[in-house]
Amino acid sequence: MQYRKGKDGAEISILAYGCMRFTKKNGKIDIDKAEQELMEAIRLGVNYFDTAYIYGGSEAAMGEIFERNHCREQIYIADKLPHYLIKSRDGLEKKFQEQLRRLRTDYIDYYLMHMLTDTASWEKLRKLGIEEWIREKLRSGQIRHIGFSYHGSADMFCRLVDVYDWDFCMIQYNYMDEYSQAGRQGLSYAAAKGLPVMIMEPLRGGKLVDLLPPAAKQRMAEHPRGYSAVEWSFRWLWNQPEVTAVLSGMNSTEMLRENAAAASSAEAGAFTEGDFALIEQVKSDINHTLKVGCTGCGYCMPCPKGVDIPGTFSAWNMFYSQDRRAARKSYMQCTVFRHDPSSASQCVGCGKCEQHCPQRIEIRRALKEAAADLETPAYRGVRGLIRLLHLW
C-alpha cells in the first residue's frame with residue numbers, strides 16, 4: 001500500500017474505504033460480511049474509513065466491528081456532520097455525540113461538513129456558532145481534523161476553501177469530471193493551499209466500469225498495460241500528486257484485493273503519453289454517447305440568473321449515457337441544496353452564455369430540454385421543501 005501525507009504529516013493510505021455501500025441482508029447490514037471486508041482492508045494496509053450520519057447503519061456497524069477487533073488506534077475514521085439538519089448550537093452537539101456513540105469511540109479523526117454547498121450555507125452555520133464549536137472540539141481532541149465535502153462548481157468550491165482554515169476536503173473527481181464539479185481547477189486550488197484532497201465517486205458510482213461503451217471496453221482490454229477499467233480510473237487519479245486518497249465503496253474481498261494490489265504500485269507522475277492517450281480515447285468513446293458536447297470549461301459562466309450551466313449539462317449527459325436516477329440525484333445536489341438555487345429552468349434566454357461558448361452550443365435550447373428531463377415533479381417538490389425549511 002502506498003501512503004500520502006495529511007496536513008499534519010499523517011500517513012494516509014491512497015486507497016480509502018467508503019463505507020456507504022455495505023452489503024445488506026433482510027434490510028440490515030450483513031455485519032459478519034462487513035467485518036470480514038473491513039478487517040481484510042486493514043490487513044492490506046487501508047487505514048482511512050469514511051462514513052456519514054445519513055448512511056443508514058454504517059456508523060453503528062463500523063463501531064461494533066472496530067471495537068470487537070480492538071483496532072481503533074490503527075485507523076482513521078472520517079465522519080460527516082449533517083449540517084442541513086441542524087437548527088441550533090445544541091443540535092450540533094446532539095448529532096455529534098450520537099455519532100460518537102454509534103462509532104463507539106471518543107474522537108473522530110477526520111470530520112467533514114457534509115455536502116457544504118455554498119458560502120451562504122457556511123454563513124448560516126457561523127451564526128449558529130459553528131466556529132467556536134469546532135475550536136472546542138479540536139482543543140479537546142474529540143475532532144482531530146476538520147474539513148468539508150462538496151458537490152458543485154469549481155468557483156464556489158474555491159470560495160469555500162477560503163472561508164475557513166480547513167485541514168482537508170473531499171470532492172467528486174474522475175476522468176469524466178476533470179472539468180466539471182470542482183474538477184482539476186478545484187483540486188489544484190485546494191492543494192496549493194496545503195489541503196489534503198480526498199476523492200469520492202472515482203468511478204461515478206460504478207458507471208465508468210459497468211456502463212462503458214463497447215468501444216471503450218475493447219480499447220482497455222487490448223491495451224498492453226492489462227489494467228481493468230477500475231484500475232485505469234484509480235491510476236489516473238493517483239497519477240496526480242494533489243490527490244491524497246481515493247475512496248472506494250468496496251463490498252467484496254476480491255474487489256479489496258484487486259484495488260489494494262493497484263494501490264501498492266501506483267505512484268504520482270507514472271503515466272506515460274500512451275496512458276494519457278488511452279484515457280482521452282475512452283473519454284471520446286463516452287462523449288459520443290452524450291447529449292451535449294459541453295467540456296465544462298466554464299466560459300459560459302457566470303449566468304446572470306444563477307444557472308449552473310456546466311453542472312446541468314454534466315447531469316444531462318449522465319442522464320442519457322449512464323444512469324437516469326443517478327443523473328437526477330447529481331442534478332439535485334448541484335442545483336437545489338444551496339442558498340441560491342441554480343436550476344436550468346431559471347434561464348430567461350438572454351443568450352449571454354452563447355456568446356462565450358467555445359463549443360458553440362445552443363445553450364438556451366439545451367437548458368430547456370435538460371430541464372424537461374431533469375426537473376421532475378419530485379425535483380420540484382424537493383426544491384420547494386428545501387426553500388421552505390431552509391435546508392441548504
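Taking the charged nitrogens against the carboxylate oxygens, Arg257 and Glu40 do have a contact shorter than 4.0 Å, which makes a salt bridge. Under 4.0 Å is where a charged nitrogen must lie from a carboxylate oxygen, and between Arg72 and Glu67 no such pair does. Using a cutoff of 4.0 Å between basic side-chain nitrogens and carboxylate oxygens, Glu123 and Arg126 are scored as salt-bridged. Arg89 and Glu132 are joined by a salt bridge, as a carboxylate oxygen and a charged side-chain nitrogen come within less than 4.0 angstrom of each other. Ion pairing between a basic and an acidic side chain is recognised when a charged N comes within 4.0 Å of a carboxylate O; Arg4 and Glu11 show no such pairing. With salt bridges taken as basic N to acidic carboxylate O contacts below 4.0 Å, none links Arg380 and Glu375. Ion pairing between a basic and an acidic side chain is recognised when a charged N comes within 4.0 Å of a carboxylate O; Lys80 and Asp50 show such pairing. Using a 4.0 Å cut-off between charged nitrogen and carboxylate oxygen, Glu201 and Arg204 do not count as a salt-bridge pair. One finds a salt bridge joining Glu37 and Lys33 here, because a Lys/Arg side-chain nitrogen approaches an Asp/Glu carboxylate oxygen to under 4.0 Å. Asp30 has no carboxylate O lying under 4.0 Å from a charged side-chain N of Lys24, or vice versa, which leaves the two without a salt bridge.
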**Message:** Go through it in stages, so that I can follow the logic: the residues are Gln185 and Tyr179, the test is side chain to side chain donor-acceptor pair (under 3.5 Å), and I'd like the CA-CA distance, side-chain angles, deciding distance and then a yes or no.
**Reply:** CA-CA 8 Å; Gln185 177 186 341; Tyr179 300 108; over 6 Å; no
**Message:** Before you tell me yes or no, could you show the steps for Phe276 and Trp236 under ring pair (Phe, Tyr, Trp, His ring centres under 6.0 Å), namely the whole-Å CA-CA distance, both residues' side-chain angles and the distance that decides it to 0.1 Å?
**Reply:** CA-CA 8 Å; Phe276 284 118; Trp236 181 84; 8.2 Å; no
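The 12-atom threshold is exceeded at CZ of Arg225, counting heavy atoms of other residues, nucleotides or ligands nearer than 6.0 Å. Annotation: Gln218, atom CD; neighbour count of heavy atoms from other residues, nucleotides and ligands within 6.0 Å does not exceed 12. Residue Lys7 qualifies as enclosed at atom NZ: its count of foreign heavy atoms under 6.0 Å is above 12. Other residues, nucleotides and ligands contribute over 12 non-hydrogen atoms within 6.0 Å of the CD atom of Glu136. For NZ of Lys94, the number of neighbouring non-hydrogen atoms (other residues, nucleotides, ligands) closer than 6.0 Å is 12 at most. Residue-environment remark: NZ (Lys217) exceeds the threshold of 12 foreign heavy atoms within 6.0 Å. Crowding of Arg68 atom CZ: a count of heavy atoms from other residues, nucleotides or ligands under 6.0 Å exceeding 12.
Residues Lys193 and Asp162 form a side-chain contact, since some pair of their non-hydrogen atoms from C-beta on lies under 4.5 Å apart. Inter-residue side-chain proximity for Leu208 and Tyr175 is flagged as met; some heavy-atom pair is nearer than 4.5 Å. Between Glu369 and Trp316, the closest side-chain pair of non-hydrogen atoms falls below 4.5 Å. Contact annotation: the side chain of Ile286 approaches that of Pro213 to within less than 4.5 Å [non-hydrogen atoms, C-beta and beyond]. With a 4.5 Å cut-off on side-chain heavy atoms, Tyr17 and Leu247 do not count as touching. Inter-residue side-chain proximity for Ile143 and Tyr107 is flagged as unmet; no heavy-atom pair is nearer than 4.5 Å. Phe49 places a side-chain heavy atom less than 4.5 Å from the side chain of Phe66. Tyr150 is not listed as a side-chain neighbour of Cys169, based on a closest heavy-atom distance of 4.5 Å or more.
In terms of heavy-atom proximity, Val230 sits nearest to Asn259 at CG1-OD1, 3.5 Å. The heavy-atom pair separating Gln240 from Ala268 by the smallest distance is C-CB, 4.4 Å. The two residues Arg235 and Ser265 make their nearest non-hydrogen contact at NH2-OG, 2.8 Å.
Ser228 and Glu258 form a side-chain donor-acceptor contact under 3.5 Å, judged by distance and modelled atom types alone. Counted by atom type alone, Ser342 and Thr335 present zero donor-acceptor pairs between their side chains at under 3.5 Å. A donor and an acceptor atom, one from each side chain of Tyr331 and Ser314, are nowhere located under 3.5 Å apart. Under the 3.5 Å distance criterion, with hydrogens and angles disregarded, no donor-acceptor pair is assigned to the side chains of Tyr76 and His145. In this structure, a donor-acceptor pair under 3.5 Å is present between the side chains of Ser13 and Asn47. With no hydrogens or angles considered, no side-chain donor-acceptor pair links Lys305 and Gln346 at under 3.5 Å.
Of the residues listed (Tyr111, Tyr110, Phe157), the one engaging Phe148 in a ring-ring contact (aromatic ring centres under 6.0 Å, His included) is Phe157, and it is the only one. The side chain to side chain contact (heavy atoms under 4.5 Å, CB included) test with Leu103 is passed by exactly one of Leu100, Thr105, Asp106: Thr105.
Proximity of the aromatic rings of Trp238 and Trp232 is defined here by a centroid distance below 6.0 angstrom, and this criterion is not met. Residues Tyr55 and Phe22 place their aromatic rings such that the two centres sit no closer than 6.0 Å.
Residues Ile77 and Ile199 share a hydrophobic cluster, clusters being chains of Ile/Leu/Val/Met/Phe/Trp/Tyr side chains in contact below 4.5 Å.
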